[in-house]
Amino acid sequence: MTDESDNSAPASDPSTTETSNDADGSDEQLDVETDSGASTGPSDLDDVILDNLDAGSDDPSDEASRGLFDDLLEGEPIFENKEVLRPSYTPHKLPHREEQINNMATILVTALRGDTPSNILIYGKTGTGKTASAKFVSEELETTSQKYEVPCEVEYINCEVTDTQYRVLAQLANKFIDKNTQLIDDRIAELEDLRSHARESAAALEETAFDSLDDIETEIESLEADKAEFEEVPMTGWPTDRVYSSFFDAVDYHERVVVIMLDEIDKLVEKSGDDTLYNLSRMNSELENSRVSIMGISNDLKFTDFLDPRVKSSLGEEEIVFPPYDANQLRDILQARSDVAFKGDALTEDVIPLCAAFAAQEHGDARRALDLLRTAGELAERDQTDNVLEDHVRQAQEKIELDRVVEVVRTLPTQSKIVLFAIILLEKNGVHNINTGEVFNIYKNLCEEIDADILTQRRVTDLISELDMLGIVNAVVVSKGRYGRTKEISLSVPTEETEAVLLSDSRLGDIDDVQPFVQARFDN
């Protein structure tokens, strides 16, 4: 096919480029006339288009998309170091936790003498500084051990994530295998260096444990053989006793005192029982070179009630309780962090007291106070203001509360989601003082719609009580005189946002028309 320019064809706009498609799918390029009347070919057309792009566009949406981040970066940042306000940050000083830190240090100092420290259990509600204090002491312990050349190591395990005996032992085994491998590599490098010098001069072997080059070769071969025996433990697939054996051999490879920090230890016991704690607390009787101590951190003061008496006695040798912070203590913590986190006079004088007051209502939770302060700062930055104001703190409180609700609702079991959805449908359709029977009728229809198992009304009542405990609904028992008692149920969370989270679940999202279900209240 040949390209043709049809000069006789009318053109709606001679200054634009047109591309026509022939029946066979090929494109026909039409030349464009410039103001001077000259024909512009395809090579010149690229320049015309680029010039038009550089000149800008009259499309408002196109203008809005350009310079998007430039506009956001125009305002001065409020934060100097935002990471200081995150829970993962370990500060150099922990206000109002000196007593607990000193208690931990007094117990663990024996590790620096090469002895086995007592096992420690640390209790306290969320946000009372347990993990931060334990990590602070652990870092100091390892730093001091290097100073005095004492082999002392701390290994941290988060049992909310690593929540089975297999995973805990596998993670520990692989950590010590990596350390042993590095130790062997460093030692081999030293020996190879010594061997190189010894080949040049036999005097290099003086004041060493080696009498000849052959002795060095033998030691290198022995270390390489040790290294070859270490096999990384897979996260699944091995028998548990093999994983334990691998961990035991790795930790006992050379002399060291090991403190194993098990954060959220109650989650491990809840999921896997006390077998892990039993094995770890009893292994010192079998170790030849190493000593192991356990530091457990828990939000649940009663979790040891479910432990085997032998485990309980060996594990709870020392107990340290972290009380909640009061508003004044929270204010000190926030002030110390804000001095590092924010620039200059970014905070108005009422911001920190308000954050502290809100968090003190939440059982003295320092983590909540820090989240409030950080979120308030982020909201102020989005407003492109120079200061964090009291209003930003109140907005942050609402945002964090909503985020908490969303997370709780998102992680509910399917049956609880169906019950909650039934309550939302009733409220949205103007039903007040909802009772259990009305919820159950709609719950049954929803289950039939998505082909889910239908629980008994008694079990649905239990699920409503659980939602009440989580603060998602408010269920009050009301007497109906001779008709007995019933629960009057109402939502305690934002309706629209909660419904959106529920509908994001693939099973509930399959419900086609929810309106007919509400009729069940009147049908029954």
Side-chain angles (χ1 to χ4, degrees), residues 104-105 107-120 137-157 165-166 168-192 194 208-210 215-233 238-262 275-296 310-311 314-315 317-318:
M104 275 188 272
I107 297 165
L108 294 175
V109 71
T110 56
L112 298 174
R113 302 188 181 105
D115 298 325
T116 310
S118 299
N119 295 324
I120 307 172
V137 173
S138 298
E139 289 174 7
E140 286 292 307
L141 181 67
E142 289 191 318
T143 302
T144 309
S145 72
Q146 292 169 8
K147 176 181 175 182
Y148 291 100
E149 297 183 350
V150 178
C152 183
E153 302 165 15
V154 180
E155 295 299 338
Y156 175 84
I157 301 284
Q165 178 178 210
Y166 187 105
V168 169
L169 294 175
Q171 191 169 324
L172 287 171
N174 289 335
K175 284 185 177 183
F176 286 107
I177 286 171
D178 289 343
K179 289 189 174 187
N180 293 341
T181 301
Q182 185 60 51
L183 184 76
I184 290 171
D185 287 343
D186 292 345
R187 180 58 177 157
I188 288 176
E190 290 176 4
L191 292 173
E192 287 175 342
L194 176 61
T208 70
F210 304 102
D215 291 343
I216 298 176
E217 293 288 354
T218 301
E219 181 66 13
I220 291 175
E221 290 172 4
S222 174
L223 289 169
E224 288 175 339
D226 289 346
K227 181 179 174 180
E229 287 181 4
F230 289 123
E231 181 179 0
E232 185 173 338
V233 180
W238 282 12
T240 305
D241 57 349
R242 183 182 175 188
V243 180
Y244 176 77
S245 178
S246 181
F247 162 61
F248 184 93
D249 292 341
V251 78
D252 204 35
Y253 180 69
H254 73 91
E255 183 181 353
R256 50 164 59 113
V257 177
V258 177
V259 178
I260 298 173
M261 192 191 307
L262 298 174
D275 288 348
T276 312
L277 303 182
Y278 179 79
N279 287 328
L280 292 176
S281 63
R282 304 281 291 181
M283 66 187 299
N284 280 329
S285 59
E286 302 169 23
L287 291 168
E288 293 181 6
N289 300 315
S290 299
R291 291 291 176 267
V292 172
S293 174
I294 302 170
M295 182 190 295
R310 294 170 297 174
V311 177
S314 63
L315 189 62
E317 293 175 329
E318 299 280 355

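Hydrogens, waters and symmetry mates play no part in the numbers below; they use all other heavy atoms, side chains included.
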(message) Walk me through whether Tyr148 and Leu112 qualify under side-chain contact (heavy atoms from CB on, under 4.5 Å).
(response) CA-CA 8 Å; Tyr148 291 100; Leu112 298 174; 5.6 Å; no
(message) Donor-acceptor pair, distance only, cut-off 3.5 Å: does the side chain of Ser290 make one with the backbone of Val251?
(response) yes
(request) Report yes or no: do Gln182 and Asp186 form a side-chain donor-acceptor pair below 3.5 Å? (result) yes
(request) Using modelled atom types only, decide if a donor and an acceptor are shared between the side chain of Asp252 and the backbone of Leu287 within a distance under 3.5 Å. (result) no
(request) Say whether, by atom type as modelled, one donor and one acceptor occur between the side chain of Thr143 and the main chain of Glu139 under 3.5 angstrom. (result) yes
(request) Ignoring hydrogens and angles, tell me if any N or O in the side chain of Ser293 forms a donor-acceptor pair with the backbone of Val259 under 3.5 Å. (result) no
(message) Whether Glu155 and Lys179 form a salt bridge (side-chain N of Lys/Arg under 4.0 Å from carboxylate O of Asp/Glu) is what I want to check.
(response) yes
(request) State plainly whether the residues Glu224 and Lys227 are in salt-bridge range, i.e. N to O under 4.0 Å. (result) no
(request) Anything under 30° is parallel, anything over 60° is perpendicular, the rest tilted; go ahead and classify Tyr253 against Phe230. (result) perpendicular
(message) Going by side chain to side chain contact (heavy atoms under 4.5 Å, CB included), Pro117 matches just one of Val257, Ile294, Val292. Which one?
(response) Val257
(request) Verify the neighbour count for atom CD of Glu217: are there more than 12 heavy atoms of other residues, nucleotides or ligands below 6.0 Å? (result) yes
(request) Would you check if the side chain of Ser246 reaches a backbone N or O of Val243 as a donor-acceptor pair within less than 3.5 Å? (result) no
